[in-house]
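What follows is one structure encoded as structure tokens, with my remarks underneath.
Below, chains carry the letters A, B, ... as their sequence lines are ordered, and counting in each starts from 1.
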Amino acid sequence: MNETEFVKEIASKEEAFSQWYIDVVKKADLADYTVVKGCMVIKPYGYALWENMQHCLDQRIKATGHKNAYFPIFIPESLLKKEAEHVAGFAPEVAWVTQGGNQKLEERLAVRPTSEAIIGSLYSKWIHSWRDLPILINQWANIVRWEKVTRPFLRTTEFLWQEGHTAHQTQQEAEEETLKILAIYKDYIEKDLAIPVIIGKKSNTEKFAGAMHTYTLEALMGDGKILQTGTSHNLGQNFAKAFDIRFLDENQEEQFAWTTSWGTSTRLVGGIIMVHGDERGLKLPPKVAPLHIVIVPIFFDQSKQEVLNKAQQYKILLSEKFNVELDDRDNYTPGWKFNEWEMKGVPVRLEIGPRDLAHNQVVAVRRDKGNKVMIAESELLPTMERWMTDIQNNLYMQARSRLEENIRFCENYDQFKEIMAEKRGFIKAYWCGNEKCEEEIKRDTKATIRCIPLDENKEKGKCIFCGAESSSLVFFGRAY
RNA sequence: CGGGGUGUAGCGCAGUUUGGCAAGCGCACCUGCUUUGGGAGCAGGGGGUCGGAGGUUCAAGUCCUCUCACCCCGACCA
């Protein structure tokens with residue numbers, strides 16, 4: 001059978017990537033548009049995926065001593081304004097509440113675009129002594145940013161995320177926290193979402209508004225563009241000074257606290273789609289897939305009940321370890337179901353019909369491979385356990401080879417432009433550190449500095465734009 | 001926010017150029033029978049007032065004005 005004939009409802013990934021993306025979101029039943037501009041509804045299947053993602057990350061956050069809390073969605077304008085660089089950065093995309101009921105508000109309230117301000121104001125109340133530190137809080141919340149161009153999951157007016165906010169006694173502790181979170185994010189995104197990332201530091205122009213510096217995780221998408229999958233900010237004492245977060249240290253001296261903040265969002269769902277998806281639709285890593293196994297019974301008149309009974313037995317057996325669905329709908333043919341579950345990215349499909357019954361076996365198909373394999377009934381559970389691990393690894397390895405193939409070292413600006421125009425991906429090139437060069441490159445190629453690697457580069461080279469000598473070898477790419 | 005495009009049944013579209021008397025097609029949906037190992041077949045059936053508002057006209061899906069939404073390409077951002 002012709003590969004492209006499997007699913008006709010999804011645009012070609014090769015030819016129309018953004019349409020393909022939208023189609024997958026809708027056909028896999030992850031989300032839908034609503035009457036509110038830029039606001040999507042996350043449908044049960046998509047939300048189950050998000051819940052699994054939340055769970056994976058939440059465990060890691062808690063295991064490192066952080067606690068969850070919830071802060072208000074409304075932030076008085078006066079608070080938001082306290083950190084100048086911060087408010088300047090967010091002002092263009094803040095939604096304001098100016099009226100409550102029939103009454104105009106004395107002071108307008110921002111619908112949180114991020115919570116540094118409100119949390120900072122409370123930390124100021126809560127922190128008095130070095131004994132109060134560190135304070136390690138995370139919140140799962142919705143965020144509103146008035147975006148001009150929106151796309152499901154990747155950029156929506158309202159989105160869901162987690163944001164961690166911590167305060168520490170020393171600069172070093174805050175820096176350790178920032179890096180610890182970066183490592184947690186990397187572990188989570190690579191191990192659970194099977195998305196390989198490049199980590200590093202943001203350039204000054206790309207860092208978080210108000211931060212001292214920002215660490216980031218950057219991932220390659222199926223169209224060669226780069227998605228920022230998470231950030232971890234060392235806020236220095238900027239916010240502590242703006243929000244008056246002070247404490248008395250062991251020497252009875254008054255100090256400003258050192259704070260951090262860090263976040264990942266529902267945007268990662270978009271990342272999963274764009275990294276793992278193929279012409280047939282979604283492909284979900286088992287660790288976060290809402291459904292691990294779907295069983296499709298093959299009905300014929302005489303054997304129908306027998307097949308169904310067996311399928312139910314398998315479901316019970318496999319449910320010990322996995323989320324399993326038995327698709328016993330009568331009004332769809334097996335072929336139709338195969339396509340639907342493939343679109344939805346379920347890692348493994350089992351087919352069971354009269355022939356299998358006779359041989360005590362099932363037909364099994366991995367979403368990442370596609371070929372049919374016979375498995376003896378007695379081997380089913382252990383095989384599935386092995387497969388899930390394999391699929392998880394395979395998705396990661398495939399994504400990693402694509403990433404590696406798409407990191408190109410470049411020393412010649414014309415070649416740089418050519419690569420960005422044709423292949424995209426990451427370009428590793430020397431940069432002198434001058435914002436002018438960064439800006440010019442962006443204007444010419446739409447590529448920005450995605451990150452500056454953390455490991456010290458000893459070799460010197462020439463800035464890709466101006467030719468000045470530099471030891472800073474950075475990653476460029478076109479970002480989402 | 002600039003340039004382009006699209007809004008007609010749940011989805012995908014035709015019809016709009018040249019206004020005209022019954023608003024159509026495919027898929028989906030409902031009923032029945034036959035089917036079911038890669039999106040089943042036949043027969044019958046239900047559903048839209050043409051994105052919204054205003055206007056022109058004997059008559060508007062079709063012409064005019066305004067407006068909204070979505071998509072694509074840019075500028076701005078997680």
Filtered N/O pairs between nucleotides 31-35 of chain B and protein, under 3.5 Å:
none

In the structure shown, which nucleotide is the Watson-Crick or G-U wobble counterpart of B:U36, with both distances under 3.5 Å? none

Regarding the side chain of A:Glu340, the nearest nucleotide among B:U36, B:G39, B:C77 is B:G39

Close residues, residues 344-371 of chain A, relative to RNA chain B [heavy-atom separation under 4.0 Å]: A:Arg349, A:Glu351, A:Gly353, A:Pro354, A:Arg355, A:Asp356, A:Val363

Rounded distance (Å) that lies between atom P of B:C76 and atom CZ of A:Arg443: 10 Å

Both distances below 3.5 Å, Watson-Crick or wobble geometry, any strand: find the nucleotide opposite B:C70. B:G5

Per atom distances to the A:Pro334 side chain, the nearest of B:G38, B:C73, B:G37 is B:G37

Between A:Phe159 and A:Trp161, is the ring centroid distance below 6.0 Å? yes

Atom CD1 of A:Ile226 and atom P of B:C77 are separated, to the nearest Å, by 18 Å

May I ask you to verify whether the side chain of A:Arg155 and the base of B:C77 hold a donor-acceptor pair under 3.5 Å? yes

Any strand is fair game: report the nucleotide pairing with B:U17 by Watson-Crick or G-U wobble, both distances under 3.5 Å, or none. none

Excluding sequence neighbours, so at least two apart, what forms salt bridge (charged side-chain N to carboxylate O under 4.0 Å, His left out) with A:Asp328? none

Gap between atoms CZ and P, on A:Arg280 and B:G38 respectively (whole Å): 13 Å

Taken in chain and number order and not counting sequence neighbours, the residues that satisfy side chain to side chain contact (heavy atoms under 4.5 Å, CB included) with A:Asp390 are A:Arg366

What is the distance, to the nearest angstrom, from the CG atom on A:Asp327 to the C1' atom on B:G37? 15 Å

If you measure only the distance, is there a donor-acceptor pair under 3.5 Å linking the side chains of A:Gln162 and A:Thr264? yes

Does B:A53 have a Watson-Crick or wobble partner in any strand here, with both distances under 3.5 angstrom, and which is it? B:U65

Whole-Å P distance, B:A9 and B:U49: 9 Å

Distances under 3.5 Å between protein N/O atoms and the N/O atoms of nucleotides 2-9 of chain B, please, pair by pair.
none

Scanning all shown strands, the Watson-Crick or wobble mate of B:G44 with both distances under 3.5 Å is B:C30

Considering only the C1' atoms, how many Å lie between B:G54 and B:A60, rounded to the nearest integer? 14 Å

For A:Thr205 and for A:Tyr332, locate the closest nucleotide of RNA chain B by heavy-atom distance; then report the residue assigned to the nucleotide nearer the 5' terminus. A:Tyr332

In whole Å, what separates the C1' atom of B:U8 from that of B:G48? 8 Å

Per nearest nucleotide of RNA chain B, the residue lying toward the 5' end, A:Arg329 or A:Thr156, is A:Arg329

Using 0.5 Å steps for rounding, measure from the NZ atom of A:Lys180 to the CD atom of A:Glu175. 12.5 Å

Distance in Å, A:Ile181 CD1 paired with A:Ile61 CD1, rounded so as to fall on 0.5 Å steps: 6.5 Å

Applying ring pair (Phe, Tyr, Trp, His ring centres under 6.0 Å), can you list everything that pairs with A:Trp341, at least two apart in sequence or on another chain? none

Could you tell me the separation between the CZ atom of A:Phe338 and the C1' atom of B:G38, rounded to a whole number of Å? 6 Å

Between B:G12 and B:C50 - C1' atom distance, rounded Å: 16 Å

Heavy-atom check, side chain of A:Glu116 versus side chain of A:Phe243, under 4.5 Å: no

Near RNA chain B, which residues from residues 19-29 of chain A have a heavy atom under 4.0 Å away? none

P-based separation of B:A43 from B:G10 [nearest Å]: 25 Å

Expressed in whole Å, how much space separates the C1' atoms belonging to B:U31 and B:G39? 22 Å

Set of ring pair (Phe, Tyr, Trp, His ring centres under 6.0 Å) partners for A:His292, sequence neighbours left out: A:Phe322

Rounded P spacing from B:G52 to B:U62 in Å: 11 Å

Which residue pairs satisfy the ring-ring contact (aromatic ring centres under 6.0 Å, His included) criterion with at least one member in residues 187-237 of chain A, sequence neighbours excluded? A:His86-A:Phe208, A:Phe90-A:Phe208, A:Phe208-A:His233, A:His213-A:Tyr215

To the nearest angstrom, how far is A:Lys442 atom NZ from B:A75 atom C1'? 9 Å

Tell me, please, which residues at least two apart from A:Arg108 pass salt bridge (charged side-chain N to carboxylate O under 4.0 Å, His left out). A:Glu77

Answer yes or no: is there an ion pair linking A:Asp368 with A:Lys283, defined by an N-O contact shorter than 4.0 Å? no

Using a cut-off of strictly less than 4.0 Å, decide whether A:Lys446 has a side-chain nitrogen or oxygen near OP1 or OP2 of B:G74. yes

Can you list everything that forms a salt bridge (charged side-chain N to carboxylate O under 4.0 Å, His left out) with A:Arg349? Sequence neighbours excluded, please. A:Glu342, A:Glu351

Remember a base hit wins even if backbone is also touched, and classify A:Gly38 as base, sugar-phosphate or nothing at under 4.0 Å, heavy atoms. sugar-phosphate

Hey, does the side chain of A:Lys82 reach the backbone of A:Ala117 with a donor-acceptor pair shorter than 3.5 angstrom? no

Taking only Lys NZ, Arg NE, NH1 and NH2, and the carboxylate oxygens of Asp or Glu, determine whether A:Asp278 and A:Arg280 approach each other closer than 4.0 Å. no

Once side chain to side chain contact (heavy atoms under 4.5 Å, CB included) is applied, do any residues pair with A:Val87, and if so which ones, sequence neighbours excluded? A:Leu80, A:Lys81

Provide the distance between the two P atoms, one in B:G46 and one in B:G24, to the nearest whole Å. 12 Å

To the nearest angstrom, how far is A:Lys337 atom NZ from B:A40 atom P? 11 Å

Whole-Å distance, A:Ile298 CD1 to B:G37 C1', equals 5 Å

